[in-house]
Amino acid sequence: MMINGIDPVLSALRGLSCPAPAGLSAKVFTRWVATPSPLGELYVAFTGTGVQFVRTAESVDGDPAAFAEAYRRRFARPLRTADRAPAGLLPALRGRRGTGLLLDLSALSDFERDVLAATRGIPAGETRPYGWVAREAGRPRAAHAVGSVLARNPVPLLVPCHRVVRADGRLGEYLFGPAHKEKLLRGEDANLDDVLAYARQGMHYLGSDTTGVVCFPTCHQARRITPSHRHGFRTLADAAAAGYRPCRVCRPAVDAA
DNA sequence: GGCTTGACCGCCA
DNA sequence: TTGGCGGCCAAGC
């Protein structure tokens with residue numbers, strides 16, 4: 001029934017309205033921002049704990065609604081636009097370490113968190129094989145499972161899964177496609193062409209005969225080896241047989257000690 | 001709880 | 001040199 005054009009029920013409900021409790025919005029919504037990145041515009045969702053979900057605009061057809069839907073399917077929460085990006089996001093996307101940027105990985109399994117933690121430890125411009133990540137995550141034979149985890153990496157770029165490559169020297173797959181993986185690595189000045197040339201010669205490790213240390217070819221220690229003192233090895237066993245020990249920086253294998 | 005699915009690895013022909 | 005294949009392991013149905 002209408003009285004003077006005002007629905008009495010609506011009128012009564014208006015009288016019941018009150019301000020939302022402080023912090024309610026943060027409990028209901030996750031916030032998101034768009035930000036530039038080496039792969040073009042990036043959509044970044046973050047909670048009060050840290051960044052939780054990242055996708056390139058390209059991967060969701062430049063549609064924030066598609067990003068929100070992908071987020072909702074995975075985390076069962078709605079998104080709301082944020083006023084500003086979380087602290088440390090922009091420098092982290094420029095490849096700087098120690099920016100203080102926090103990640104919210106609370107929705108992941110222990111294995112997934114261990115894999116992402118190991119991957120986060122790979123320096124810019126360097127690569128590590130899937131088997132290396134598996135070993136660092138405490139599951140030495142779970143290389144394939146590492147690939148499965150990284151295929152679902154909720155925070156690509158921030159956890160640099162583009163630095164995880166196949167043991168045979170090829171780059172392998174990537175969430176946003178192999179071309180983007182290569183682009184990111186070249187942008188970090190990784191010596192991809194050298195590594196591929198070594199791999200074609202069956203050399204997956206490089207040692208220095210002055211230090212007796214053997215490294216992954218992208219390790220910054222390996223890149224400093226003077227060519228005349230550089231030796232390639234197909235396996236770590238070959239290197240060990242020649243008297244070389246694994247590099248303590250890139251850790252191509254666990255030291256026996 | 002069993003089956004299927006992978007951004008893998010390494011052997012072998 | 002390359003591709004096939006069995007093994008492996010965690011996640012998702």
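Throughout, a chain's letter reflects where its sequence line sits, starting with A, and its residues are numbered from 1.
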Contact class for A:Ala151 vs. all strands (heavy atom < 4.0 Å): base, sugar-phosphate, or nothing? base

When you measure from the side chain of A:Asp209 to the backbone of A:His231, do you find a donor-acceptor pair of N or O atoms at a distance under 3.5 Å? no

Re C:dC9: Watson-Crick or G-U wobble partner, both distances kept under 3.5 Å, found to be B:dG6

Is there a stack between A:His144 and B:dG6, judged by ring centres under 5.5 Å and planes under 30°? yes

B:dC9 phosphate, OP1 or OP2: any side-chain N/O from A:Arg141 under 4.0 angstrom? no

So what does A:Phe111 touch, heavy atoms closer than 4.0 Å: a base, only the sugar-phosphate, or nothing? sugar-phosphate

Once you round to the nearest 0.5 Å, how far does OG1 of A:Thr127 lie from NE2 of A:His162? 10.5 Å

Is any side-chain heavy atom of A:Glu126 closer than 4.5 Å to one of A:His220? yes

Among C:dA10, B:dC8, B:dA7, the nucleotide that comes nearest once only the side chain of A:Arg166 is considered: B:dC8

Output yes when at least one side-chain N/O atom of A:Ser109 is less than 4.0 Å from OP1 or OP2 of C:dA11, else no. yes

Side-chain N or O of A:Arg152 less than 4.0 angstrom from OP1 or OP2 on C:dG12? yes

If you look at every strand shown and take non-hydrogen atoms under 4.0 Å, does A:Leu171 touch a base, only sugar-phosphate, or nothing? nothing

Between C:dG12 atom P and A:Glu112 atom CD, what is the distance in whole Å? 6 Å

Kindly work out whether a path of hydrophobic side-chain contacts (I/L/V/M/F/W/Y, heavy atoms less than 4.5 Å apart) joins A:Leu184 to A:Phe176. yes

